[in-house]
Structure formats: C-alpha cells, structure tokens
Amino acid sequence: MPDESQHQFDHARRAGFGPSDDIRRQRAQGALVREEVAAAPGAAPEPIWMALGYEAVRQIMGDHVRFSNQRRFRAQAIRGGSKHRPQEMSGHLMDYDQPEHTRLRKMLTPEFTVRRIQRLKPVTEAIAERCLDAMERKGQPADLVELYASPISGAVLCELLGVPRDDRREFLVKHQWQLEQDRNRKDRAAAQAYTSNYLRALVKRQRKDPDEGFIGQLIRDHGDNFVDEELIGICGLMVLAGLDNVTGMISLGVLALLEHPDQLAVLLADPENTVDRVVDELLRFLSVAHAPTPRTAVEDVVVAGQLIKAGEEVVCSIPMANRDPVLAPDVDRFDVNREPLPHIAFGHGIHHCIGAALGRMELRTAYLALWRRFPDLRLAVPADQVPHKTNSIAYGLERLPVAW
C-alpha cells in the first residue's frame, strides 16, 4: 500500500484506491480550503486554494472566463510582473485560454472523434495480443505493469504519433526519466531535451513528407496554421497525457477488479455488454489524474462561500470531487451495477480531455483482451504487497505481479 510520507504534493495523496485520510479531513473543513502546498519536490510550501467538493470543482473548471489556465504569466501579470510566456508551454492545450484554446482545439478535435479513434482499435487489439503473448512466453508470475499496461499505452501513443518501432524504446524510456521525481535534475533535464529534440525532428520529417498519421494529417489539413513549436508542444502534451494515465488506469483497474470479485464477475458474465460501464466506474473510482492545470482567478470570485482574490491559484482535486457524496450516498463503493455517475475523471468545461474517447477505447480493449486470454487471472502476491506509485504525475502501480 502507498507510503503517504513519500508524497510531495498534498493534493496527490492517496490511500489504496482512494484519497488519503488527510485529504478527507481537509474536505470535512469545506469544499474549498486554504492550504500550504509545495509546487515541486523540495520547494517551499506556498498558500494555495484547494477545491475538494464536486460542485466547487465543476464551478471553477467550468468558468474559463474568471479562471485562467495560463497560471504562470497570468499570475505574474496580475501582480505587475512579466507577461512573457515560457517557450515550453507552446502548444500545450491545457495551458491555453480563449481564444487561443479555441483556435487550437478546433483544429485538433477532428483527429480525436470516435470515428477516427475506431480506426486505431484493430491496432490496439493487435498490440494487446502481442503483449499477452509476451506474458505467456515469460511465464508466471509476471509483472502486468511491465509486460502489459505500460507497453500498451506506449505502443498506441507511438502508433498515433508515428514514432518508428526502432526508436520507441529509447523515446519512452527518456520520457519516463523526465517524470521521475526521484531522478536527479540533470538527468531529468537531459531526458526532457532528448524528448523535445526527438519530437522536433519528427515534426520536421512530417513537414517534408506528411503521412496518414496524426501529425501528418494535421499538417495536411491545416498547414501553416500550426507553427512547429505548437506541433511539438501538442505532441509533448499527448505523451504526458497518454502514457502514465493509461498505464495507471489499466494496472490499477485490474487490481481493483481482482480485489472486488463480485464486480469482476459482472464483467466476465457478459464482457461485451458490460465493459463500457465497468470502464466508466473504474475511471470515477480510481481517478488516476490527481488534478488538472491549476487555475488562477483573474478577478475576485466567490466559490463555496469563500472569496478567491484575483491572482490567487486553485488546485482542483479530481479524486476528492469524484468521491463527493453529492454524487451518490455510497460513493466510496466500487459498483459497476450503478447508473453511471457524472464524474469528472476526464475534466470538465472547455478543457475536458480531448483524448477521452481514445483512453476509453484503450481501457476497454485492454480489460477484454486480458480476461479473454487469462480468465483465471489472480494476484501472485498479497494485495498489501503491491507497490503503488506515490510520487508521480498520475496515480498507478510500480508493479502488479499476477499469475493465471
């Protein structure tokens, strides 16, 4: 189980499948509380608002007029500082406000429609089967994170971006390095530089000879409406959003189902007709994304009876909002038979995850393929010996030893 003492971010604290007791105690103080939070490991804590109630989180995330996503320079501007936008933020949709957000999102949306994502389904199914073949060859017990959850999310993303197979291993390893909070700053900076340079070269190749993939299609459809730095930033955001989140959801979802055999039985009894409901409830119950980009109030706003002053920042807790009793009286229960709850696992408002359909398809495919191949799948160690990720951008598991 997670060691809460290792957490660097208060809003990321977890206990098992849900928010930690500390965060729950904060919620008991109100839907919006003032908290001291370190913005990064080793950084000095600073006061910040924590939105913990479902309605408060929806109000803030749904109000793109009075809450800005461009927190770095917006906060500086309000306080009289520089309005310079850091270059690395270019193309990161989650850091854009209107009208730039609308301009980019309108061009990107066609590439993430359900119809387009369905074109990736056969590819994803083939990837899942190859991963299961590898698990079988390796023999039991096997680490499901290493051999299944992580390879699926990585391979699907590389297929989408058009990363050649020979480059994928190093590309994904370097991406992981830049996210590991325990790795030294020099290694992380070098890994980030590698990833940026690789994506820059990828975009350059597509400019010269666009293929039928994601980047090539954007260039074909919109050409010079994207500058290269925006394309690089968009790809970087897809890597950030598409790897750890999906890996965490696949592995934690498998653990949750194994730990709730009555719920797993519902899936196994009628897989094709229940898997979408199972995926939706797992998304709510696990909420692997700790929080979206912090919002900055651009004017004084009252939320949940509290005054948020212009220039103050708010972190919205997705796990805590999705466990708010306003959604259901037994909201802490994992129940795939309930009517789907209006959770915000993919966000809310104009920044609702553009890749939600892709994520759902990957999870659906992964769960179905796994139990089709291994209907008697079981944990190879006691559940309390499964190590959770306690210091990462998305919640997940370090390892998940399984047998079949």
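The backbone N or O of Met94 sits less than 3.5 Å from a side-chain atom of Asn69, completing a donor-acceptor pair. Side-chain atoms of Asp300 come within 3.5 Å of backbone atoms of Ala310 as a donor-acceptor pair (strictly under, hydrogens ignored). One N or O on the side chain of Gln263 and one on the backbone of Val336 form a donor-acceptor pair closer than 3.5 Å. No side-chain donor-acceptor contact under 3.5 Å links Asp330 to the backbone of Arg333. Judged by distance alone, with hydrogens and angles left aside, the side-chain atoms of Arg14 form no donor-acceptor pair with the main-chain N or O of Pro319 at under 3.5 Å. A donor-acceptor contact shorter than 3.5 Å is absent between the side chain of Gln385 and the backbone of Pro382. Between the side chain of Arg66 and the backbone N or O of Ala297 there is no donor-acceptor pair closer than 3.5 Å. Side-chain atoms of Arg372 do not come within 3.5 Å of backbone N or O of Pro271 as any donor-acceptor pair. A donor-acceptor pair under 3.5 Å is absent between the side-chain atoms of Arg116 and the main chain of Val114, judged by distance alone. Checking side-chain atoms of Thr195 against main-chain N and O of Ala191 turns up a donor-acceptor pair under 3.5 Å.
The local environment of CG in Asp224 is sparse, with at most 12 non-hydrogen atoms from other residues, nucleotides or ligands closer than 6.0 Å. Shown here is Asp166, whose CG atom has no more than 12 heavy atoms of other residues, nucleotides or ligands within 6.0 Å. Atom CZ of Arg130 is surrounded by more than 12 heavy atoms from other residues, nucleotides or ligands within 6.0 Å.
Counting all heavy atoms, side chain and backbone alike, Glu398 lies closest to Lys389 at OE2-CG, 3.5 Å. Closest heavy-atom contact between Val33 and Gln26: CG1-O, 3.6 Å. Closest heavy-atom contact between Ala51 and Ile60: CB-CD1, 3.7 Å. The shortest non-hydrogen separation linking Asn245 to Ala394 is OD1-CB, 3.0 Å. Ser317 and Leu52 get closest at one heavy-atom pair: CB-CD2, 3.7 Å. Closest non-hydrogen pair, Leu161 versus Leu202, comes out as O-CD2, 3.7 Å.
Cation-pi check for Arg323 over Tyr54 is not met; the charged atom does not lie both under 6.0 angstrom from the ring centroid and within 45 degrees of its normal.
Taking NE2 from His343 and CG from Leu283, the interatomic distance works out to 5.0 Å, rounded to the nearest 0.5 Å. The distance from the CD atom of Glu129 to the CG atom of Leu370 is 10.0 Å, given to the nearest 0.5 Å. For the atom pair CG of Leu237 and CD1 of Ile232, the computed distance is 14.0 Å after rounding to the nearest 0.5 Å. To the nearest 0.5 Å, atoms CD1 (Ile219) and NZ (Lys208) are separated by 12.5 Å. If you take CG on Leu243 and CD1 on Ile152, they are separated by 12.5 Å, rounding to the nearest 0.5 Å. The line from CG of Leu120 to CE of Met361 is 5.0 Å long, rounded to the nearest 0.5 Å.
No hydrogens or angles considered: a donor-acceptor pair under 3.5 Å links the side chains of Asp97 and Ser68. Defined by atom type and a distance below 3.5 Å, a donor-acceptor pair is present between the side-chain atoms of Asp221 and Gln217. Using modelled atom types and a 3.5 Å distance limit, the side chains of Asp335 and His260 yield no donor-acceptor pair. Counted by atom type alone, Tyr395 and His388 present one or more donor-acceptor pairs between their side chains at under 3.5 Å.
Counting heavy atoms from C-beta outward, Pro47 and Glu36 have side chains that approach closer than 4.5 Å. Proximity of Ile127 to Val123: side-chain heavy atoms (C-beta onward) are separated by under 4.5 Å at one or more points. Using a 4.5 Å heavy-atom threshold, the side chains of Ile215 and Pro210 count as separate. No side-chain heavy atom of Gln206 sits less than 4.5 Å from a side-chain heavy atom of Leu231. Residues Leu104 and Phe226 have side chains in contact (heavy-atom distance under 4.5 Å, counting atoms from C-beta outward). Between Leu268 and Pro375, the closest side-chain pair of non-hydrogen atoms is not below 4.5 Å. You'll find the side chain of Asp324 reaches within 4.5 Å of the side chain of Arg27, heavy atoms only. Residues Asp244 and Gln176 form a side-chain contact, since some pair of their non-hydrogen atoms from C-beta on lies under 4.5 Å apart.
Listed by first then second residue, pairs satisfying ring pair (Phe, Tyr, Trp, His ring centres under 6.0 Å) with a partner in residues 356-377 read Phe374-Trp404, not counting sequence neighbours.
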What side-chain donor-acceptor pairs closer than 3.5 Å can you find for residues 251-259, not counting sequence neighbours?
unit_1 : atom_1 : unit_2 : atom_2 : d
Ser251 : OG     : Thr247 : O      : 2.9
Ser251 : OG     : Gly248 : O      : 3.3

Under 3.5 Å, side-chain donor or acceptor atoms of residues 141-148 against the rest of the protein: list the pairs with distances, not counting sequence neighbours.
unit_1 : atom_1 : unit_2 : atom_2 : d
Asp143 : OD1    : Val145 : N      : 3.0
Asp143 : OD1    : Leu400 : N      : 2.9
Tyr148 : OH     : Ala366 : O      : 2.7

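The distance between the ring centers of Phe112 and Phe214 falls below 6.0 angstrom.
Ionic pairing of Asp22 and Arg25 is present here: one or more N-O contacts between side-chain nitrogen and carboxylate oxygen are shorter than 4.0 angstrom. One finds a salt bridge joining Arg284 and Glu281 here, because a Lys/Arg side-chain nitrogen approaches an Asp/Glu carboxylate oxygen to under 4.0 Å. Electrostatic pairing of Arg103 and Glu230 counts as a salt bridge here, judged by a charged N lying under 4.0 Å from a carboxylate O. Salt-bridge formation is detected for the pair Arg24/Asp332: a Lys NZ or Arg NE/NH1/NH2 atom is positioned less than 4.0 Å from an Asp or Glu carboxylate oxygen. Contact check on Arg364 versus Glu272 returns a salt bridge, with a Lys/Arg side-chain nitrogen under 4.0 Å from an Asp/Glu carboxylate oxygen. Looking at Asp276 and Arg360, no side-chain N of the basic residue comes within less than 4.0 Å of a carboxylate O on the acidic one, giving no salt bridge.
With sequence neighbours excluded, the residues that form a side-chain hydrogen bond (donor to acceptor under 3.5 Å, both in side chains) with Asp228 are Arg207. Scanning for side-chain hydrogen bond (donor to acceptor under 3.5 Å, both in side chains) contacts around Asn322 gives Ser287, with sequence neighbours left out. Under the salt bridge (Lys or Arg N to Asp or Glu O under 4.0 Å) criterion, Glu159 pairs with Arg165, Arg168, not counting sequence neighbours.
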- Yes or no on side-chain contact (heavy atoms from CB on, under 4.5 Å) for Gln306 and Trp49, after CA distance, side-chain angles and deciding distance? CA-CA 10 Å; Gln306 300 279 359; Trp49 288 103; 3.8 Å; yes
- Query: Please walk me through it: do His348 and Val57 pass side-chain contact (heavy atoms from CB on, under 4.5 Å)?
  - Reply: CA-CA 9 Å; His348 174 66; Val57 168; over 6 Å; no
- Under the side-chain contact (heavy atoms from CB on, under 4.5 Å) rule, what do Val314 and Leu32 come out as? Steps first, then yes or no, please. CA-CA 9 Å; Val314 188; Leu32 189 72; 4.2 Å; yes
- Begin with the C-alpha distance, continue with both residues' side-chain angles, and end with the deciding distance and a verdict on side-chain contact (heavy atoms from CB on, under 4.5 Å) for Val246 and Ile250. CA-CA 6 Å; Val246 175; Ile250 292 175; 3.8 Å; yes
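Ring orientation note: the planes of His351 and His101 are nearly perpendicular, at an angle over 60° on the 30°/60° scale.
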